Amino acid sequence: MKASNWNITVIGGTAGLLSLIAVLTIMIDPFLHYHLPLKGLEYPLLDERYQNDGIARHYTYNAVITGTSMTQNFKPSEFDALFTGTETVKIAFSGASYKEVNDNILRMLKHNSEVKYILRSLDGTLLNMSAEADTYEGYPEYLFDENPFNDVEYLLNKEVIPKTIAVVNYTRAGNVTTTRDDYGSWSQYKEYGKEAVLRSYGNLEGFEEEIVLSQEDYKNIRENVQKNVLQTALEHPEITFYLFYPPYSICYWDALVQTKQLNAQLEAEKTATGMLMGVENIHVYAFAENIEMISDLDNYTDSLHYGGWINSDILRWIREGKYELTSENYEAYYDRLGELFLNYDYSELHE
């Protein structure tokens with residue numbers, strides 16, 4: 001065979017193989033970039049940052065649960081049972097910055113004008129980040145933008161091919177597509193209790209000087225909340241935003257006391273909360289005064305993360321209007337927390 005014919009054969013064969021891979025990726029679409037799960041195939045939804053945008057584009061919904069790992073154990077079916085006339089999706093991002101969550105909300109609203117409610121976590125541990133900060137490297141932007149030409153990064157991606165095959169194998173094994181309730185949920189796989197939580201403690205010794213917020217800290221907090229929370233709510237008055245501070249365990253507060261950061265953290269949250277007060281379509285909730293809940297370490301798998309039953313409680317409390325912060329009560333709330341956690345007896349945690 002002549003060299004020229006050989007080259008044509010190789011090029012043609014390679015092009016044909018790549019075309020076949022691209023067609024299979026489009027048809028099966030493991031990241032739901034082009035369409036909903038195909039009938040007759042069952043999909044393992046395991047890759048939040050790769051599948052969330054497809055869910056936002058193609059699922060039917062008018063309510064959204066979003067945020068960090070603090071929202072992964074919510075059950076959309078429970079939200080629907082409490083809020084009449086809703087069909088809810090859960091689109092969470094483990095470890096996400098405020099910017100990442102807000103960027104996803106904005107993309108979502110470009111594709112769905114029917115959204116009436118958004119439930120979102122306001123993680124106190126992430127308040128002081130820059131408004132432009134991302135916590136995830138290698139973000140799959142080619143899945144999120146409107147440019148069809150860079151989809152080649154999806155269609156011919158060597159890491160996507162196993163995901164496509166996984167859909168077929170998942171189906172053949174008799175599995176079913178991950179439900180909205182189970183998507184992203186980890187609660188049932190974790191160990192809970194004092195022993196598990198105390199393993200998450202770091203070295204808390206050697207802190208003598210009280211931490212105070214700098215002007216740069218205040219700037220970060222205000223810009224973060226303004227750009228990534230408040231502005232979006234103001235631009236969408238037709239949507240009710242339910243925002244909540246996750247109820248971290250008593251061990252989290254103990255660590256803040258020991259590291260001299262309690263007052264700074266409370267001041268950060270009070271500053272953020274004050275910015276959100278008086279906005280008609282924003283409701284803010286905080287549960288740290290529920291000392292019975294946060295001091296029961298059987299509710300926690302580490303100092304921050306709680307079991308799914310707490311997510312269920314949060315939904316019920318929000319529906320009932322409990323633990324809501326208002327213009328009239330939020331400052332006193334943070335004053336009470338300062339007294340509560342500064343004077344709490346933490347000795348049993350260290351026995």
Side-chain angles (χ1 to χ4, degrees), residues 32 36-37 42-96 100-101 104-105 108 112 114-123 170 175-192 196 239-249 283-287 290 293-294 296 298-302 304-324:
L32 310 179
L36 290 169
E42 306 295 337
Y43 288 65
L45 303 184
L46 302 171
D47 301 285
E48 289 175 338
R49 285 178 169 82
Y50 293 83
Q51 293 169 321
N52 276 348
D53 195 67
I55 291 172
R57 287 173 185 259
H58 304 300
Y59 276 49
T60 300
Y61 58 93
N62 60 10
V64 181
I65 298 170
T66 190
T68 64
S69 54
M70 300 297 159
T71 65
Q72 288 175 312
N73 295 320
F74 280 118
K75 294 182 178 180
S77 63
E78 291 183 349
F79 191 100
D80 293 340
L82 290 167
F83 292 80
T84 305
T86 59
E87 186 171 3
T88 306
V89 291
K90 178 173 56 178
I91 304 177
F93 299 84
S94 179
E100 183 180 353
V101 174
N104 179 72
I105 290 173
M108 180 194 317
N112 190 330
E114 303 299 318
V115 175
K116 299 190 298 183
Y117 302 106
I118 292 178
L119 171 64
R120 174 183 177 177
S121 61
L122 294 179
D123 297 56
Y170 190 76
N175 298 303
V176 297
T177 299
T178 308
T179 67
R180 297 188 186 203
D181 283 355
D182 290 335
Y183 179 47
S185 178
W186 45 260
S187 181
Q188 63 273 37
Y189 307 114
K190 295 291 186 177
E191 176 189 353
Y192 295 87
I239 299 174
T240 299
F241 288 79
Y242 294 111
L243 312 176
F244 72 95
Y245 290 102
Y248 302 143
S249 80
H283 298 273
V284 182
Y285 301 83
F287 315 102
N290 188 333
M293 175 183 68
I294 70 169
D296 182 355
D298 287 339
N299 288 324
Y300 293 86
T301 186
D302 57 37
L304 302 178
H305 292 86
Y306 39 83
W309 54 94
I310 301 299
N311 295 83
S312 299
D313 288 340
I314 290 172
L315 283 181
R316 189 180 72 256
W317 291 330
I318 288 175
R319 189 70 182 96
E320 295 172 351
K322 294 182 178 179
Y323 299 105
E324 183 170 4

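Bear in mind the structure is a predicted one, so any value in this text is a computation, not a measurement.
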Note to self: Checking Glu48 now: which residues fulfil salt bridge (charged side-chain N to carboxylate O under 4.0 Å, His left out) with it, not counting sequence neighbours?
What the structure shows: none
Next item on the list: Just jot down the side-chain contact (heavy atoms from CB on, under 4.5 Å) partners of Leu46, sequence neighbours excluded, or say none.
Entry: Pro44
Next item on the list: Report the residues that fulfil ring pair (Phe, Tyr, Trp, His ring centres under 6.0 Å) with Tyr306, sequence neighbours left out, ordered by chain and then residue number.
Entry: none
Note to self: Parallel, tilted or perpendicular: which one describes the rings of Tyr242 and Tyr117, with boundaries at 30° and 60°?
What the structure shows: parallel
Margin query: Tell me which one of Phe244, Trp309, Tyr183 satisfies ring-ring contact (aromatic ring centres under 6.0 Å, His included) with Phe74.
Written below: Phe244
Next item on the list: Measure the spacing between CD1 of Ile310 and CG of Leu315 and express it to the nearest 0.5 Å.
Entry: 11.5 Å
Margin query: Just so I know, are the side chains of Arg120 and Ile105 near enough to count as touching, which here means a heavy-atom distance under 4.5 Å?
Written below: yes
Check: Got a salt bridge between Glu87 and Arg180, using NZ or NE/NH1/NH2 to carboxylate O under 4.0 Å?
Finding: yes
Item checked: Heavy-atom pair with the smallest gap, counting every atom of Ser187 and Asn73 -> N-OD1, 3.1 Å
Check: What residues, two or more places apart in sequence or in another chain, satisfy side-chain contact (heavy atoms from CB on, under 4.5 Å) together with Asn104?
Finding: Thr66, Ile91, Phe93, Arg107, Met108
Next item on the list: Over all heavy atoms of both residues, which pair between Tyr61 and Ala56 is shortest? Give the atoms and the distance, please.
Entry: OH-O, 2.7 Å
Next item on the list: Taking ring pair (Phe, Tyr, Trp, His ring centres under 6.0 Å) as the test, write out the residues that go with Tyr285, two or more places apart.
Entry: none
Next item on the list: Using modelled atom types only, decide if a donor and an acceptor are shared between the side chain of Asn311 and the backbone of Gln72 within a distance under 3.5 Å.
Entry: no
Next item on the list: Using side-chain contact (heavy atoms from CB on, under 4.5 Å) as the criterion, list what pairs up with Asp181, not counting sequence neighbours.
Entry: Lys75, Pro76, Ser77, Thr179
Notebook entry, point to check: Considering residues at least two apart in sequence or located in another chain, which fulfil the side-chain contact (heavy atoms from CB on, under 4.5 Å) criterion with Glu42?
Noted result: Tyr170, Thr171, Val176, Thr177
Margin query: Test of understanding: with salt bridge (charged side-chain N to carboxylate O under 4.0 Å, His left out), list the residues that count as partners of Arg57, not counting sequence neighbours.
Written below: Asp53, Glu146
Next item on the list: For Ser121 and Gly67, work out which heavy atoms get closest and say how close.
Entry: OG-CA, 3.5 Å
Note to self: So which atom in Tyr245 and which in Ala286 form the shortest heavy-atom distance, rounded to 0.1 Å?
What the structure shows: CD1-CB, 4.0 Å
Check: Can you name the residues that form a ring pair (Phe, Tyr, Trp, His ring centres under 6.0 Å) with Tyr300, not counting sequence neighbours?
Finding: none
Next item on the list: Go through the side-chain N and O atoms of Asn62 and Thr86 and say whether any donor and acceptor fall under 3.5 Å apart.
Entry: no
Check: Between the side chain of Thr301 and the main-chain N/O of Glu191, is any donor-acceptor distance below 3.5 Å?
Finding: yes
Next item on the list: Applying ring pair (Phe, Tyr, Trp, His ring centres under 6.0 Å), name anything that partners Phe79, two or more places apart in sequence or on another chain.
Entry: Phe83
Item checked: Exercise: identify the closest heavy-atom pair between Leu82 and Arg319 -> O-NE, 2.6 Å
Margin query: Give me each pair satisfying salt bridge (charged side-chain N to carboxylate O under 4.0 Å, His left out) with a member in residues 60-70, each pair once, sequence neighbours excluded.
Written below: none
Notebook entry, point to check: Crowded around Lys116 NZ? As in, over 12 foreign heavy atoms under 6.0 Å?
Noted result: yes
Next item on the list: Report the residues that fulfil salt bridge (charged side-chain N to carboxylate O under 4.0 Å, His left out) with Asp47, sequence neighbours left out, ordered by chain and then residue number.
Entry: Lys163
